[in-house]
Amino acid sequence: MSDYSPQTIEKKWQQRWTERRAFEVVEDPSKPKFYCLVMFAYPSGHAHVGHVRNYMIGDVVARMKRMLGYQVIHPFGWDAFGLPAENAAIQNEVHPKAWTLDNIAHMKGQLQRLGISYAWEREITTCLPEYYRWNQWIFLKMFERDLAYRRRSSVNWCLSCQTVLANEQVVDGRCWRCSSEVDLRALEQWFLRITSYADQLLDGIDRLTEWPDKVLTMQRNWIGRSEGARVTFSLTGEPALPIEVFTTRLDTIYGGTFVLLAPEHALVDKIAASMNESEAFRKRVRRFRAQDRTARLTGEIEKEGFDTGRRATNPFTGEDVQVWVANFVLGEYGTGAVMGVPAHDQRDFEFAKKYDLPIRIVIQPDDGSAPLAADTLQEAYVGSGRLVASGEFSGLPCADARTVMTQAAAERKIGESTVQYRLKDWGISRQRYWGTPIPIVHCETCGLVPVPYEELPVELPDVTTFSGRGDSPLAQIPEFVNTMCPTCGAAARRETDTMDTFVDSSWYYYRYCDPRNDALPFDPAAARYWAPVDFYSGGVEHAILHLIYSRFFCKVLRDLGLVEHDEPFTRLLTQGMVLKDGAVMSKSKGNVVDPDDMVATYGADTLRLYEMFVAPPEKEIEWTDSGLEGSFRFLNRVWRLVEPLAARVRGAGPPVDDLDDVDRAMRRKTHETIQRVSSDLDPRVHLNTAVSALMELVNDLYVFCDKAGCGPRTWQAETVEIRPETAAVLNEAIEALVLLLSPFTPHLAEELWERLGHHDGVEAADWPTFDPAIAKADTLVVPVQVNGKVRARLTVDAGRSDAALEADALADPQVHPFITGKTVAKVIVARGRLVNIVVK
RNA sequence: GCGAAAGUGGCGGAACUGGCAGACGCGCCGGAUUUAGGAUCCGGUGGCCGCAAGGCUGUGGGGGUUCAAAUCCCCCCUUUCGCACCA
């Protein structure tokens with residue numbers, strides 16, 4: 001008997017898989033397809049055991065689906081543009097491209113040593129012109145449809161990364177990648193009009209039934225749709241300008257006793273300009289504008305305001321109300337101005353109390369509670385009821401009033417119904433080098449001119465020195481910047497910003513379907529076969545970054561006629577992180593575990609099994625060396641059992657029907673295990689319980705072999721003769737074990753499968769099937785309870801009737817003391833599983 | 001503050017539509033084998049009482065529904081995550 005030597009067999013099978021092109025696939029309309037995808041990797045240098053957990057989860061799913069007869073596409077690639085490469089270039093004087101490609105080579109080796117079954121021939125790398133060319137192509141299509149546009153606006157600026165960030169990339173006022181502070185800057189920038197898909201993105205959420213609720217909630221919150229109305233107040237005096245406000249409570253407008261402007265509101269400057277002595281006023285405005293942005297956004301600052309001295313007419317009451325500037329009104333939401341209804345909005349109530357502004361009740365609750373009075377009001381009444389003191393609308397219920405009053409506003413041309421979103425257009429300009437050049441030329445006469453499609457890609461020039469500071473590095477390269485206008489031929493300048501790398505990742509899963517296409521991003525026919533992605537696994541940190549951008553791109557590509565579905569990812573699994581010493585693994589914390597070290601010591605199969613077994617995939621896991629050793633022990637146990645037996649039982653043929661009790665019990669366990677593992681893996685992905693079922697099977701096989709005299713613990717087991725009936729049972733059990741184990745530990749499974757006499761590769765084998773009749777136990781142990789407490793156990797035939805069970809239970813000697821002298825009130829027999837005797 | 005998820009042995013975790021709580025693994029204890037250690041194999045392992053048979057108790061805390069609750073309902077505590085002046 002040989003020892004289990006993962007180093008030898010893993011190398012052997014990885015080589016065979018490559019030679020056989022075992023995981024490469026083409027479209028095959030005769031078979032059902034399955035698209036299994038894991039989020040592609042940023043090539044940071046080294047993958048750690050936390051990163052690869054996700055790849056191993058995907059691999060279990062892909063390998064199982066393959067064995068179930070699906071045409072499985074399971075690709076991998078590299079999210080290869082981005083700042084770390086550029087920062088590394090600045091620090092180490094390596095070119096970002098060299099740095100990135102070296103990292104990719106290293107990490108690819110790491111993944112290959114883990115035996116992940118990727119279709120490597122479909123590998124994509126986003127920093128290569130053959131990929132980012134299609135970013136440019138899609139961008140131009142969007143530009144044509146006015147989905148990509150340029151505008152000057154206030155944008156998030158990361159002080160450390162020295163570039164603009166999209167709203168989604170700012171977390172609690174800080175940069176999502178480097179956690180440094182983010183400022184607001186007014187810059188001219190490129191945006192993608194994701195807001196024109198806001199409703200589709202929101203409505204689509206209801207159809208994403210196989211996504212975690214948590215992610216859907218986050219997306220709903222992020223889109224932040226609210227229905228309401230815009231109404232126009234008008235400033236009295238000179239200049240007589242309109243003030244548009246957005247409200248979701250038009251029904252309360254008769255209680256609108258003041259108007260609040262955000263410090264950033266354009267009117268604030270105009271009012272200042274119309275003043276004689278404006279300096280004190282401007283100073284107060286500047287103070288508000290300078291207040292910490294995060295604190296303003298999160299409401300952590302004190303609500304303050306000041307009177308502009310101007311008045312505006314409430315279009316419904318005709319009354320003139322005060323106009324104030326308030327620091328809690330957000331310039332970037334709605335119209336940047338709100339009506340103050342202190343009786344029915346808590347913020348306005350506090351503001352009115354502080355500055356002694358009038359409070360007028362216009363809604364009275366209709367739930368029978370006491371009527372509200374302005375002078376005794378302790379807090380705003382935000383509930384529903386009926387309108388009072390609201391002119392012709394008095395008496396209407398709130399909800400009806402909103403409809404009627406919106407109509408009235410529209411007729412009188414003082415307002416209209418609108419839907420407001422929290423979602424903003426996606427700012428994609430980045431003032432950095434290592435990204436996709438935006439394919440636009442600035443011409444003095446023609447304006448913004450798209451680079452013609454036939455001139456794509458606009459390649460990144462080869463920059464050799466990186467300062468890392470200042471404006472876009474591309475702007476420093478005259479050969480790149482200076483060009484001719486494609487329309488008029490005059491001298492013109494190229495756009496020097498590059499695209500956000502989230503553009504690259506918004507559609508890469510389609511490129512895998514047809515990765516070498518040089519006429520289109522991908523052939524629509526290929527996408528029709530493979531897409532949408534059936535199973536997508538990755539970190540929850542992308543809940544409202546990559547996952548919302550991708551949904552947006554999917555809809556755009558659908559409208560461009562490239563795909564036919566509405567949602568890109570049918571099922572989403574958000575995998576838990578791997579912690580060490582209670583913290584997420586990271587280079588800076590110095591707590592990373594390198595998979596290569598684990599592979600060298602225990603083998604890839606042990607690492608894979610451990611990470612799949614220790615917790616459900618969605619949960620985070622705490623790395624423990626002893627747990628890893630447990631998995632190694634189990635695989636050795638499998639080896640010691642199967643390896644010496646393989647040659648002796650192979651080809652034994654199917655077990656006969658007429659088995660003795662011991663053989664039949666073993667066979668039952670085999671079929672039950674197939675059933676359990678199959679249902680644990682699909683559709684649920686309960687990988688940990690699937691593994692535990694396999695451990696039970698192995699435990700039972702040890703006992704079984706011991707009885708048969710051929711087990712690992714038997715002295716001179718090799719010379720003991722195995723009965724043919726038993727050999728057949730063993731062969732069936734061992735083959736099932738190897739097949740069921742193969743998605744988890746493919747190398748070990750391949751080796752044993754070969755030793756069992758199969759030469760086509762375990763990945764090409766059929767997933768084992770079970771016979772429910774065999775899997776079913778023929779005797780059951782039925783607990784008997786008296787008043788809910790277990791007092792005895794009955795061993796009975798599986799088919800025993802409920803009536804017979806009741807009689808057995810009442811006659812049982814162990815039950816007897818608990819029922820004698822008492823009245824049996826009721827006996828419940830729960831579907832042959834349990835008997836409960838109720839006594840008084 | 002609002003919302004969601006979770007809370008089960010020393011630890012990671014099982015338990016399908018309410019029906020034997022603690023599968024499986026780690027750790028620990030005991031035994032076999034061994035010169036010894038390691039490895040391996042076998043057995044035990046929620047707590048309390050008991051030599052034992054057995055009994056009592058037990059899924060964050062408290063109440064409730066039910067013949068029966070880790071599971072359903074109400075209140076509270078803790079943790080994690082998300083949202084957070086969005087008018």
Side-chain angles (χ1 to χ4, degrees), chain A residues 172 212-222 224-226 228 245-249 252 260 262 295-301 303 326-330 332-341 344-348 350-351 382 420-423 540 543-544 609-610 613-616 618-631 633-634 636-637 640 676 679 684 686 688-699 702-703 706 711-715 781-793 814 825-839:
Chain A
D172 293 333
D213 286 341
K214 179 185 161 148
V215 173
L216 299 179
T217 306
M218 286 168 75
Q219 292 216 352
R220 258 188 220 107
N221 288 341
W222 188 256
R225 179 188 151 104
S226 61
V245 303
F246 172 73
T247 178
T248 55
R249 293 296 305 270
T252 65
L260 299 173
R296 274 189 67 192
L297 276 172
T298 55
E300 279 156 16
I301 46 155
K303 292 180 187 54
N327 62 348
F328 67 91
V329 178
L330 306 172
E332 62 254 50
Y333 184 76
T335 60
V338 297
M339 62 180 196
V341 185
H344 305 292
D345 181 287
Q346 187 57 24
R347 294 155 300 181
D348 298 345
E350 287 165 26
F351 195 79
V382 296
Q420 191 66 45
Y421 297 94
R422 212 179 81 109
L423 179 73
V540 73
I544 44 168
L609 187 79
Y610 166 65
F613 172 63
V614 73
E618 295 85 353
K619 263 202 86 161
E620 60 187 25
I621 61 183
E622 172 72 29
W623 182 266
T624 59
D625 293 335
S626 54
L628 188 73
E629 276 173 42
S631 294
R633 265 203 293 269
F634 172 69
N636 273 288
R637 215 166 133 77
R640 278 195 305 273
R676 278 174 64 188
S679 69
R684 312 189 299 173
H686 291 193
N688 55 329
T689 52
V691 174
S692 75
L694 291 168
M695 287 174 167
E696 282 186 46
L697 178 63
V698 171
N699 290 345
Y702 264 65
V703 175
D706 196 27
R713 72 176 87 141
T714 313
W715 179 243
V781 176
V782 178
V784 180
Q785 298 179 332
V786 179
N787 285 349
K789 286 182 183 168
V790 178
R791 299 299 183 183
R793 290 170 208 284
Q814 283 187 291
K826 209 195 300 190
V827 179
I828 287 126
V829 183
R831 284 164 296 176
R833 278 196 305 216
L834 175 140
V835 180
N836 191 11
I837 302 167
V838 185
V839 297

Query - Complement of B/rU45, any strand, by Watson-Crick or G-U distances under 3.5 angstrom - result: B/rG27
Query raised in the report: When rounded to the nearest 0.5 angstrom, what is the spacing between OG1 in A/Thr252 and NE2 in A/His344?
Result: 6.5 Å
Query raised in the report: How long is the line joining CD of A/Glu696 and P of B/rA23, in whole Å?
Result: 10 Å
Requested in this report: Under a 3.5 Å limit for both distances, which nucleotide forms a Watson-Crick or G-U wobble pair with B/rG18, could you say?
Outcome: none
Query raised in the report: For the side chain of A/Pro616, counting heavy atoms from C-beta on, which of B/rA87, B/rG19, B/rG13 is nearest?
Result: B/rG13
Query - Contact under 4.0 Å: A/Lys214 side-chain N or O vs B/rG3 OP1/OP2 - result: no
Query raised in the report: For B/rG1, what is the paired nucleotide under Watson-Crick or G-U wobble rules, both distances under 3.5 Å?
Result: B/rC83
Report task. Counting heavy atoms from C-beta on, name the nucleotide in B/rG13, B/rG19, B/rC24 closest to the side chain of A/Phe613. Result -> B/rC24
Requested in this report: Taking only the side-chain nitrogens and oxygens of A/Arg633, find out if one of them lies under 4.0 Å from OP1 or OP2 of B/rC26.
Outcome: yes
Query - Side chain of A/Asn688 - closest among B/rG13, B/rA87, B/rC24 - result: B/rG13
**Report entry** Nearest-nucleotide pick for A/Lys619, side chain only, options being B/rG19, B/rC41, B/rG13
**Finding:** B/rG13
Query raised in the report: Does A/Arg791 put a side-chain nitrogen or oxygen below 4.0 Å from OP1 or OP2 of B/rG55?
Result: yes
Report task. Searching all strands shown, indicate the nucleotide that pairs with B/rG7 (Watson-Crick or G-U wobble; both distances under 3.5 Å). Result -> B/rC77
Query raised in the report: Under 4.0 Å: is that the gap between some side-chain N or O of A/Arg676 and OP1 or OP2 of B/rC16?
Result: no
Query - Out of B/rG13, B/rC42, B/rC83, whichever nucleotide has its closest atom nearest the side chain of A/Ile544 - result: B/rC83
**Report entry** From B/rC24, B/rC26, B/rA87, nucleotide with atom closest to A/Ser692 side chain
**Finding:** B/rC24
Query raised in the report: Of all the choices, B/rC67, B/rU40, B/rA87, which nucleotide is nearest to the side chain of A/Arg640 once you look at every atom?
Result: B/rU40
Query raised in the report: Is the distance from OP1 or OP2 of B/rC86 to the nearest side-chain N or O of A/Tyr421 less than 4.0 Å?
Result: no
Query raised in the report: Which of the following nucleotides, B/rA87, B/rG19, B/rA23, is nearest to the side chain of A/Thr248?
Result: B/rA87
Query raised in the report: Among B/rG12, B/rA14, B/rC81, which is the nearest nucleotide to the side chain of A/Thr689?
Result: B/rA14
Query - Side chain of A/Leu330 (C-beta onward), nearest among B/rC86, B/rC16, B/rU40 - result: B/rC86
Report task. Classify the glycosidic conformation of B/rG9 as syn or anti, calling it syn when the angle lies within 90° of 0. Result -> syn
**Report entry** ring pair (Phe, Tyr, Trp, His ring centres under 6.0 Å) evaluation trace for A/Phe328 with A/Phe351
**Finding:** CA-CA 10 Å; A/Phe328 67 91; A/Phe351 195 79; 5.6 Å; yes
Query raised in the report: With rounding to whole Å, what would you report as the distance between B/rG9 and B/rU71 at their P atoms?
Result: 15 Å
Report task. Check the distance between B/rC24's C1' and A/Met695's CE and give it to me in whole angstrom. Result -> 7 Å
Query - Distance-minimising heavy-atom pair for A/Asp348 and A/Gly340 - result: OD2-CA, 3.3 Å
Report task. Rounded to the nearest angstrom, tell me the gap between atom CD in A/Gln814 and atom P in B/rG54. Result -> 7 Å
Report summary line: Under a 3.5 Å limit on both distances, the Watson-Crick or wobble mate of B/rC51 is none
Query raised in the report: Counting only side-chain N and O atoms of A/Asn836, is one of them less than 4.0 Å from OP1 or OP2 of B/rG19?
Result: no
Query raised in the report: Just wondering, do A/Tyr610 and A/Phe634 contact through their side chains at under 4.5 Å, heavy atoms?
Result: no
Query raised in the report: Are OP1 or OP2 of B/rC41 and a side-chain N or O of A/Arg637 less than 4.0 angstrom apart?
Result: yes
**Report entry** Watson-Crick or G-U wobble mate for B/rA70, both contacts under 3.5 Å
**Finding:** none
